[in-house]
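Here's the structure, in structure tokens; my notes come after.
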There are 2 protein chains.
Amino acid sequence: MSDSGKEITIYDIAEKLKVSAATVSRALKDHPRVNKNTKKKIIKAAEEMGYRSNSFASNLRRKNSNIIGVIVPRLNSSFMSDVIAGIEKVVNDNNYNLIISQSLETMKKEISNARAMLNNRVDGLLVSLAYDTTSIEHFEPFIKRNIPVLFFDRIFEHEQYPQIYIDNFKAAYEVTKHLLEQGCKRIVHITGNQLRNVYAERLRGYKKALEEHQIDFDGQLVIINDLSAKEAAVAAETILQMDPLPDGIFTVNDVSAVSCIQVLKKAGIKIPEQIAVAGFNNDPAACVIEPNLTTVNYKGYEMGEVAANMLINHLANRQDLQQTHSLILRSELIVRESSKRK
Amino acid sequence: MSDSGKEITIYDIAEKLKVSAATVSRALKDHPRVNKNTKKKIIKAAEEMGYRSNSFASNLRRKNSNIIGVIVPRLNSSFMSDVIAGIEKVVNDNNYNLIISQSLETMKKEISNARAMLNNRVDGLLVSLAYDTTSIEHFEPFIKRNIPVLFFDRIFEHEQYPQIYIDNFKAAYEVTKHLLEQGCKRIVHITGNQLRNVYAERLRGYKKALEEHQIDFDGQLVIINDLSAKEAAVAAETILQMDPLPDGIFTVNDVSAVSCIQVLKKAGIKIPEQIAVAGFNNDPAACVIEPNLTTVNYKGYEMGEVAANMLINHLANRQDLQQTHSLILRSELIVRESSKRK
DNA sequence: TAAATTTATGCAATCGATTGCATAAATTTT
DNA sequence: AAAATTTATGCAATCGATTGCATAAATTTA
């Protein structure tokens, strides 16, 4: 009680109860080949003595860790924190533990995070790629060791890696189509690094919709930045200088859309009458900005749950990951005031 | 390469290089008592053979894990995801790993999370308490084992546990004082479980400001709920029924304030003319809602960094946690349109 | 009651890295 | 050249839980 140095082990319990450590070990994990009374006594003693199993010893011996690793670009975005919350829920319910690290959008850090995950012998890895990741070599050691790596949202098309995402092409197509149907002719598209599937696909969808409406694609109308509020404000200033002014804006995240709307409104532009705006993600702010933001709903929490479930089912041999190589989640266009022109 | 079953160990390297495992172990951690050339050879071989250190074996032997545990109520709030991001940054920079779990606001889950953290032999624990946690017995095993537990934000006043928070009393006092100075006489206070210091202290601050302005405290004006947007909307409806209508609202989080404003605006109430509103946290939405929300800025990212730094410095014996038992971070009132009546 | 079966327990090796102590080899000092 | 010192390496125990195999004890079957 007063002492802090001594950790209770199964040997201590064994000694006290005059049984072997093997029996203690079995009793504590409810092995059938242990007498009920013995079991009861052991569990009681363990409780009383304040025994806590040492996962290192256990993991070392069993050669698995019950740890799921997660590498994401950033933890503090509305979407990503929802994803993480969903993952944590599932992981915890299944008696796994969660190790989390963020790449801060750089490949360099992503690589070092991956190394750490390997050292920690994660049983499986969930990854959403950094902004500038150009290759996924750093995940090969996992494959080599048969440790499943699952990409979500920001994926990398590759046979070996199962993936979960939404149909970004279709979602962006629908957003753009909607804007066109509202009468927009010149739609600015604000997007991110085209290395990332999510942004490349959305640009494809944007183009496709234009094409179908016989509108020529104009590269001048595509703005690529880091998708921060700050850069979006800069983009909005650029937009204000355009002549003629565009009549629609489609940004690939809500943070940018909100930031744009604020700048445009301040400049006296009427949304949606002069410029209709649509975002992506359905962040909480989408329902706060005035006019409320048209966006794509795309629930992070669910994506997290699904990703974690897939991984854990696979680890428990309940499901083969190769069978379901790609899982595409539902997303939906939510039309709000920022784009409704009637 | 084709095989996945064999993990390289220091013994494999030792055998290949005809040295002992001890030498390999020392070489890999750059122990001075190893010949430079030997060291170089070993490191090279390790690299080539794809050696990855097994942290379980290492942790088991060294009796520390280099893991920091975090238990928070929820991961997906703007504030908490900022905190976690700050923690992750510091933890990662110091070559520690991060295990995260969420109590989902229940003491029951918090207890089970704490047990898991103990099994995982975290070197230190960062905790923000659940909504309904009434005792902190479940953290005693850590203290007994000399594992530092540090509370942040939602703390529990106790000698053994260092804590980091903001001066909630003062912040709330200032918010309330500001509202009073804008001419408010009847200020509704929407808050959470009074078990939690953050909410109890803010209520104290609210009362103090009233007292100083010779306004009697009216229990009818204090609404306690779970601080969700939904409950805030319900609260707003209640407020609309009040007769006379209050002329100010001070909520302990921005989510509630924003939700209230939306309901009140829809009911035709003019903000801030009829009812001035102030929140707490400075969520992104605070600058999006119209009118912009007066609130308390209180940066999560910084709190996360500071908490993690304190813990790690203590673990590295660079700092004694008992010395700095309480650390109070700066917060500031940000006055915006939602409360400015001139 | 002996034989066969079932149930309960223990032995001892194993997982992979670390480290105190001993010793061998190389270098310096006398 | 012998003695003393420094440098480099190895031996072997250790961390704590797990588990295949063996064996003892209890129970059932013949």
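Everything numeric here is computed off the predicted structure, so don't read it as measured data. Each chain gets a letter, A, B and so on, in the order its sequence line appears, and its residues count up from 1.
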**Report entry** Inter- and intrachain pairs under salt bridge (charged side-chain N to carboxylate O under 4.0 Å, His left out), touching residues 20-34 of chain B, at least two apart
**Finding:** B/D30-B/K39
**Report entry** side chain to side chain contact (heavy atoms under 4.5 Å, CB included) partners for B/S77, two or more places apart
**Finding:** B/F79, B/M80
Query - Trace of the side chain to side chain contact (heavy atoms under 4.5 Å, CB included) decision for A/Y165 with A/S326 - result: CA-CA 8 Å; A/Y165 53 96; A/S326 294; 4.1 Å; yes
Report summary line: Between CZ of B/R33 and P of C/dT18 the distance, given in whole Å, is 19 Å
Report task. Please report, rounded to the nearest Å, how far the P atom of C/dA17 is from the CZ atom of A/F56. Result -> 15 Å
Report summary line: For nucleotides 19-24 of chain C, 5' to 3', base contacts (B), sugar-phosphate-only contacts (S) and non-contacts (-) with protein non-hydrogen atoms under 4.0 Å give BBB---
Query - side-chain hydrogen bond (donor to acceptor under 3.5 Å, both in side chains) contacts in which one or both residues fall within residues 122-137 of chain B, not counting sequence neighbours - result: B/S65-B/D123, B/E110-B/T133
Query - Closest listed nucleotide, where the reference is the side chain of A/S58 and the choices are D/dA17, C/dG16, D/dT7 - result: D/dA17
Query - Distance in angstrom units between A/R121 CZ and C/dC15 C1', rounded - result: 11 Å
**Report entry** Listed partners of A/E48 passing salt bridge (charged side-chain N to carboxylate O under 4.0 Å, His left out), at least two apart
**Finding:** A/K44
Report task. Starting from P on D/dC15, measure out to CG on B/N64 and report it in whole angstrom. Result -> 16 Å
Query raised in the report: Is B/L60 close to A/N59 at the side-chain level, that is, under 4.5 Å between some pair of heavy atoms?
Result: no
Query raised in the report: Taking only residues two or more places apart in sequence or in another chain, which ones pass ring-ring contact (aromatic ring centres under 6.0 Å, His included) with A/H325?
Result: none
Report summary line: Exactly one of B/L126, B/I84, B/I68 clears side-chain contact (heavy atoms from CB on, under 4.5 Å) with B/I100, and that residue is B/I84
Query raised in the report: Partners of B/R61 by salt bridge (charged side-chain N to carboxylate O under 4.0 Å, His left out), sequence neighbours excluded?
Result: none
Report task. For the residue pair A/I8 and A/I13, establish whether any side-chain heavy-atom pair is separated by less than 4.5 Å. Result -> yes
Query raised in the report: Hey, is A/R154 close enough to A/E105 for a salt bridge, meaning N to O under 4.0 Å?
Result: yes
Report summary line: To the nearest angstrom, the CD-C1' distance between B/E7 and C/dA17 comes to 14 Å
Query - Residues A/F151, A/Y161; criterion ring pair (Phe, Tyr, Trp, His ring centres under 6.0 Å); working and verdict - result: CA-CA 7 Å; A/F151 289 127; A/Y161 302 83; 5.1 Å; yes
Query raised in the report: Any side-chain heavy atom of B/V90 within less than 4.5 Å of one from B/I312?
Result: yes
Report task. Please tell me which of B/H31 and B/L60 maps to the more 5' nucleotide of DNA chain D, matching each residue to the nucleotide holding its nearest heavy atom. Result -> B/H31
Query raised in the report: NZ of A/K36 versus P of C/dA8: gap in Å, rounded?
Result: 9 Å
Report task. For B/A114, enumerate each residue passing the side chain to side chain contact (heavy atoms under 4.5 Å, CB included) test, keeping only those at least two apart in sequence or located in another chain. Result -> B/I71, B/H138, B/F139, B/F142
Requested in this report: Between B/S20 and A/A57, name the one whose nearest nucleotide on DNA chain D is closer to the 5' end.
Outcome: B/S20
Query - A/N35 side-chain N/O to C/dA8 phosphate OP1/OP2 under 4.0 Å - result: yes
Query raised in the report: OP1 or OP2 of D/dT14 less than 4.0 angstrom from a side-chain nitrogen or oxygen of B/K63, does that happen here?
Result: no
Query raised in the report: Taking atom P of C/dG16 as reference, at what distance in whole Å does atom CG of A/N119 sit?
Result: 14 Å
Query - Nucleotide D/dA17, atom P - distance to CG of A/N59 in whole Å - result: 12 Å
Requested in this report: Would you please enumerate the stems DNA chain C participates in, each stem being three or more consecutive Watson-Crick or G-U wobble pairs with both distances under 3.5 Å?
Outcome: C:1-30 with D:1-30
Requested in this report: Answer whether the closest heavy-atom distance between the side chains of B/H158 and B/Q163 falls below 4.5 Å.
Outcome: no
Report task. Name every residue in residues 8-19 of chain B that has at least one heavy atom under 4.0 Å from any atom of DNA chain C, in order of residue number, or write none if there are no such residues. Result -> B/T9, B/I10, B/Y11
Query raised in the report: Got B/I147 and B/L118 here, is their nearest side-chain heavy-atom distance under 4.5 Å?
Result: yes
**Report entry** Cationic N near anionic O, under 4.0 Å, B/E305 to B/K89
**Finding:** no
Anything under 3.5 Å between a protein N or O and an N or O of nucleotides 26-28 of chain C, put it in a table, one pair a line.
none

Requested in this report: List in numerical order all residues of residues 38-51 of chain B for which some heavy atom is under 4.0 Å away from an atom belonging to DNA chain C.
Outcome: B/Y51
